[in-house]
2 protein chains.
Amino acid sequence: MSATEATTELLTRPKRADARRNYEKVLAAAREAFAEGGEATSLEEIARRAGVGIGTLYRHFPSRQALLEALYVNEVDELSRSAHELDEADPWEALNGWFERLIAYLATKRALAAELTNYLDPDAPVFQSCRASLFAAGEPLLRRAQEAGMVRGDVDFSDVLHMVAGISKNTASDPKQIERILRVALDGLRYSAGS
Amino acid sequence: MSATEATTELLTRPKRADARRNYEKVLAAAREAFAEGGEATSLEEIARRAGVGIGTLYRHFPSRQALLEALYVNEVDELSRSAHELDEADPWEALNGWFERLIAYLATKRALAAELTNYLDPDAPVFQSCRASLFAAGEPLLRRAQEAGMVRGDVDFSDVLHMVAGISKNTASDPKQIERILRVALDGLRYSAGS
DNA sequence: GAACTATACGGAGGCTCCCTCCGTTTGTCA
DNA sequence: TGACAAACGGAGGGAGCCTCCGTATAGTTC
């Protein structure tokens, strides 16, 4: 790349207004359609709901995967921002409060994450950045509970996140059962060898 | 259905030898191809590997879902049968031994189960019968550990199965991490409120 | 072994969905 | 207003799921 090309790139014009509008329309339509139809949702359907042509959808998101990634990132960001509302005195309760939010989110987004795992390794940049968001949100809560001696010290946040996510995303039909099982697994955080 | 039709059905001739052979060929090819390619595996590819035409594949398995169900059932049955080899003195160790087998199985079959959940509710007959197989295999081990006072009494086998399966099927990249997290969750089975 | 028949086969073709290409439209700037 | 590049949308190609039907073959009877 020559200096002229680099300069041209840096001075690129902003997106046109109609393009910006259509981008948001597609993302909103994707959220809604995917929540209803899961993996069976077609991009034609999303384009139709957004009121744009299929070529327009592809102009904004060059593949199905790209669209799903954008949607996933968008939603994880929202979840992470919601963690800052937790301000409870008891470290164990604060950690559990956050997990409750995470669990509620995961219950509704199972199809989206599942499809993305078809395309991507767990170490893919999109998953890494989303994990970073979730870390920033929840890791201080775990550390606080560990420093208060309420949670075992031999787990890190990644472990706990994985454990909770795995249980939440499983296909049990009964939310009560999921709750019960999470209770057991989270009790494992409090277990120590002498007890 | 009239009585004549019911009688005719009961006296149906056995499958021809070539059909039986082809059925097994397709199932074997499906196992191999799906293990390699996951959800991206096409039925044309499976038919090609089996050395049959696509019409033959569909004659034996009327849809993609039907083929995946048959494969899933076949493999869960194999896992369940392997549980009878456990004969360890310590109830906790026997239970853990079985979970290790379950976990190893789940690690290799994630894509298959995930795709089936796109088609089926958790209460679908195929999942119910596979759960029954797994129950018959592992539930006595749990009960033994509970009767020996080594496992809390407020969980049933379904809970434990769901917990272990959920964690095993998650998309962490590191088997060591999965092992560590399962350790924590299974420690939760030993946690009691006074400890 | 031949004849018969029902079972089983395979592949062409239709449909849906992902994706590309390109003629047309439109937003933006001078 | 005119120029121009970005943005549009939809027709069409390819892949994969699935169906239909002419042909082949396994199995039975004589």
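Note on naming: letters A, B, ... go to the chains in the order of the sequence lines (proteins, then strands), and numbering restarts at 1 for each one.
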Notebook entry, point to check: Within this structure, what is the CD1-to-C1' distance between A:I54 and D:dA7, rounded to whole angstrom?
Noted result: 15 Å
Notebook entry, point to check: What's the CZ-P distance between A:R16 and C:dT26, to the nearest Å?
Noted result: 10 Å
Notebook entry, point to check: Quick one: are A:L120 and A:V126 in side-chain contact, heavy atoms under 4.5 Å?
Noted result: yes
Check: Does B:E75 reach the main-chain N or O of B:Y105 with its side chain, forming a donor-acceptor pair under 3.5 Å?
Finding: no
Next item on the list: Pull out every residue in residues 57-73 of chain A that has a heavy atom closer than 4.0 Å to any atom of DNA chain D, ordered by number, or say none.
Entry: A:R59, A:H60
Next item on the list: Please check if the side chain of B:Q128 supplies one atom and the backbone of B:D123 the other of a donor-acceptor pair under 3.5 Å.
Entry: yes
Check: Taking only N and O in the side chain of B:T56, is any of them less than 4.0 Å away from OP1 or OP2 of C:dA8?
Finding: no
Notebook entry, point to check: Does a salt bridge link A:R49 with A:E45, judged by any charged N lying under 4.0 Å from a carboxylate O?
Noted result: yes
Next item on the list: Find the distance B:R48:CZ to D:dC17:P and express it as a whole number of Å.
Entry: 14 Å
Next item on the list: Whole angstrom is fine here: how far is it from CD1 in A:I46 over to C1' in D:dG9?
Entry: 17 Å
Note to self: Can you measure A:K15 atom NZ to D:dA6 atom P for me and round it to whole angstrom units?
What the structure shows: 12 Å
Check: Is a side-chain N or O of A:D159 found less than 3.5 angstrom from the main chain of A:D156, in a donor-acceptor match?
Finding: yes
Item checked: Of the listed nucleotides D:dC18, D:dA26, C:dG10, the one nearest the side chain of B:V52 -> C:dG10
Next item on the list: Select base, sugar-phosphate, or nothing to describe what A:S42 touches, counting heavy atoms under 4.0 Å on all strands.
Entry: sugar-phosphate
Notebook entry, point to check: Can you name the residues that form a ring-ring contact (aromatic ring centres under 6.0 Å, His included) with A:F135, not counting sequence neighbours?
Noted result: A:F157
Note to self: Ignoring hydrogens, what is the shortest heavy-atom contact between A:I181 and B:M163? Give both atom names and the distance.
What the structure shows: CG2-CB, 3.3 Å
Note to self: Closer than 4.0 angstrom, basic N to acidic O: yes or no for A:D187 and A:R190?
What the structure shows: yes
Check: Given atom CD of A:E45 and atom C1' of C:dC18, what is their separation to the nearest angstrom?
Finding: 15 Å
Note to self: Closest approach to the side chain of A:A17, judged atom by atom: which nucleotide of C:dT28, C:dA8, D:dC17 is it?
What the structure shows: C:dT28
Note to self: Would you say that more than 12 heavy atoms from the other residues, nucleotides or ligands in this model lie under 6.0 Å from the CD of A:E36, or not?
What the structure shows: yes
Margin query: If you take any heavy atom closer than 4.0 Å to DNA chain D, which residues from residues 19-37 of chain B end up in contact?
Written below: none
